[in-house]
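I have placed the structure first, in the form of structure tokens, so that the comments after it can refer back to it.
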Amino acid sequence: MEASVQHTDSVAVRISGDDTLYLAYLHDVYVFPPMRFKSKKQERFYWKTVRDVKKTLPIAKILHQEMVKTDAVMSKMNNKEKKRFWKQYEKILYSQYEDKFRKMTASQGQMLMKLIDRESGQTSYDVIKYYKGTFIANFFQIWAKMFGNDLKAEYDGKDKDQITERIILLVEAGQL
């Protein structure tokens, strides 16, 4: 007997002979111990991080997809074609995302850098260096250092970015 699977909007139906099975796909559910805050400052930091993750995570995912798509196109080009393509593509990206970036706070910009590293496995410095060159990447690194940031900082979900990782998991699962 041959089994067939038919998909509807919310559940899948598998018909095997005379039997009909309804299949429901559930999202992951994460259970963490409740957050215990030692001070109001710590609680404010947590909720500010939640706000920043909710705002920047979708953007980081979109940018990662753009990077993958762009890399696939640029891998087939020589250096001259890459420069010409990147100039045009950069204008398109600016027109699409400039408003979102301008409305971000400094902490949201920092969060976006972390999340781009988390999504792509490359620091912001490496991304800038790849697309714009070493000179521009160094310029932005110096600029970031003047304001207390570091484009070379890596995302570490197991240690220093543990709270951020927890928030990301909860946001992606729709629990926060």
Side-chain angles (χ1 to χ4, degrees), residues 7-12 24-35 37 41-75 82 85-132 136-137 140-141 143-145 147-176:
H7 293 280
T8 62
D9 285 341
S10 58
V11 285
Y25 296 98
L26 302 175
H27 294 284
D28 292 335
V29 175
Y30 297 97
V31 179
F32 291 104
M35 289 295 297
F37 302 109
K41 183 179 177 182
Q42 193 180 41
E43 185 176 3
R44 277 193 308 273
F45 170 79
Y46 177 80
W47 290 110
K48 184 175 141 201
T49 304
V50 169
R51 178 202 68 191
D52 292 350
V53 166
K54 282 184 168 184
K55 183 165 184 175
T56 58
L57 185 61
I59 296 169
K61 288 183 180 293
I62 290 168
L63 291 176
H64 175 64
Q65 291 171 350
E66 292 284 348
M67 288 167 54
V68 170
K69 186 172 73 173
T70 304
D71 290 348
V73 171
M74 289 175 66
S75 67
K82 282 181 185 180
F85 171 80
W86 182 249
K87 267 192 172 179
Q88 293 170 345
Y89 195 66
E90 190 175 26
K91 288 178 186 177
I92 293 168
L93 289 176
Y94 275 127
S95 67
Q96 284 180 334
Y97 301 110
E98 185 176 17
D99 283 348
K100 289 181 182 180
F101 292 142
R102 291 208 182 270
K103 292 178 183 174
M104 283 186 189
T105 64
S107 64
Q108 289 167 349
Q110 289 173 325
M111 183 62 67
L112 182 61
M113 290 187 322
K114 283 183 183 182
L115 297 182
I116 287 174
D117 184 13
R118 179 183 184 267
E119 292 295 317
S120 69
Q122 300 175 5
T123 64
S124 297
Y125 178 85
D126 294 333
V127 172
I128 295 168
K129 183 178 173 183
Y130 178 76
Y131 290 110
K132 300 290 284 174
I136 300 295
F140 281 120
Q141 173 66 359
W143 188 261
K145 285 283 193 179
F147 292 100
N149 295 323
D150 185 7
L151 299 179
K152 294 180 181 180
E154 295 182 1
Y155 181 81
D156 183 10
K158 299 208 184 305
D159 188 28
K160 66 178 180 167
D161 294 318
Q162 210 171 16
I163 297 292
T164 304
E165 185 66 24
R166 174 181 170 156
I167 292 169
I168 291 169
L169 292 174
L170 292 172
V171 167
E172 288 179 335
Q175 292 177 261
L176 192 61

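Computed from a prediction, not measured in an experiment: that's the story for all the values here.
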>> For Y46 and F37, take the angle between the two ring planes, folded into 0 to 90°, and tell me which bin it lands in: parallel under 30, tilted 30 to 60, perpendicular over 60.
In response: tilted

> Do L115 and L63 come within less than 4.5 Å of each other through their side chains, counting heavy atoms only?
Replying inline: no

> Between the side chain of E119 and the main-chain N/O of K61, is any donor-acceptor distance below 3.5 Å?
Replying inline: no

>> If you count heavy atoms of other groups shown closer than 6.0 angstrom to CD of E172, is the number above 12?
In response: yes

> Do other residues, nucleotides or ligands put more than 12 heavy atoms under 6.0 Å from the CZ atom of F85?
Replying inline: yes

>> For K103 and K55: C-alpha separation, side-chain torsions, deciding distance, then whether side-chain contact (heavy atoms from CB on, under 4.5 Å) applies.
In response: CA-CA 11 Å; K103 292 178 183 174; K55 183 165 184 175; 4.2 Å; yes

>> Could you measure the distance from the NZ atom of K114 to the CG atom of D156? Nearest 0.5 Å is fine.
In response: 10.0 Å

> Are the side chain of D117 and the backbone of Y155 linked by a donor-acceptor contact shorter than 3.5 Å?
Replying inline: yes

>> Other residues, nucleotides and ligands only: do more than 12 of their heavy atoms fall within 6.0 Å of OH on Y94?
In response: no

>> Name the residue from T49, T56, D52 that meets the side-chain hydrogen bond (donor to acceptor under 3.5 Å, both in side chains) definition with S107.
In response: D52

> Do I62 and Y97 have side-chain heavy atoms sitting under 4.5 Å apart?
Replying inline: yes

>> Looking at every non-hydrogen atom in both residues, tell me the closest pair between Q122 and M67 and how far apart they are.
In response: OE1-CE, 3.9 Å

> Between E90 and K87, is there a salt bridge with N-O shorter than 4.0 Å?
Replying inline: no

>> Checking side chain to side chain contact (heavy atoms under 4.5 Å, CB included) between T105 and each of M111, Q110, R51, which is the one that passes?
In response: R51

>> If I take atom CG from residue L170 and atom CD from residue E165, how far apart are they, to the nearest 0.5 angstrom?
In response: 10.0 Å

> Rounded to the nearest 0.5 Å, what separation is found between the OH atom of Y131 and the CG atom of D71?
Replying inline: 3.5 Å

>> Return the CG to CD1 distance between L151 and I116, rounded to the nearest 0.5 Å.
In response: 10.5 Å

> Of all heavy-atom pairs between Q141 and D150, which one has the smallest distance, and what is that distance?
Replying inline: NE2-OD1, 2.6 Å

> Is the OH atom of Y130 crowded by more than 12 outside heavy atoms at less than 6.0 Å?
Replying inline: yes

>> One pair to check against side-chain contact (heavy atoms from CB on, under 4.5 Å): R118 and D161. What are the steps and the verdict?
In response: CA-CA 10 Å; R118 179 183 184 267; D161 294 318; over 6 Å; no

>> Before you tell me yes or no, could you show the steps for W143 and N149 under side-chain contact (heavy atoms from CB on, under 4.5 Å), namely the whole-Å CA-CA distance, both residues' side-chain angles and the distance that decides it to 0.1 Å?
In response: CA-CA 9 Å; W143 188 261; N149 295 323; over 6 Å; no

> For Y30, does its backbone N or O pair with a side-chain atom of Q175 as donor and acceptor, under 3.5 Å?
Replying inline: yes

>> Using side-chain contact (heavy atoms from CB on, under 4.5 Å), reason through K41 and F45 one step at a time and then give a plain yes or no.
In response: CA-CA 6 Å; K41 183 179 177 182; F45 170 79; 5.9 Å; no

> If you round to the nearest 0.5 Å, how far is CD1 of I163 from CZ of F32?
Replying inline: 9.5 Å

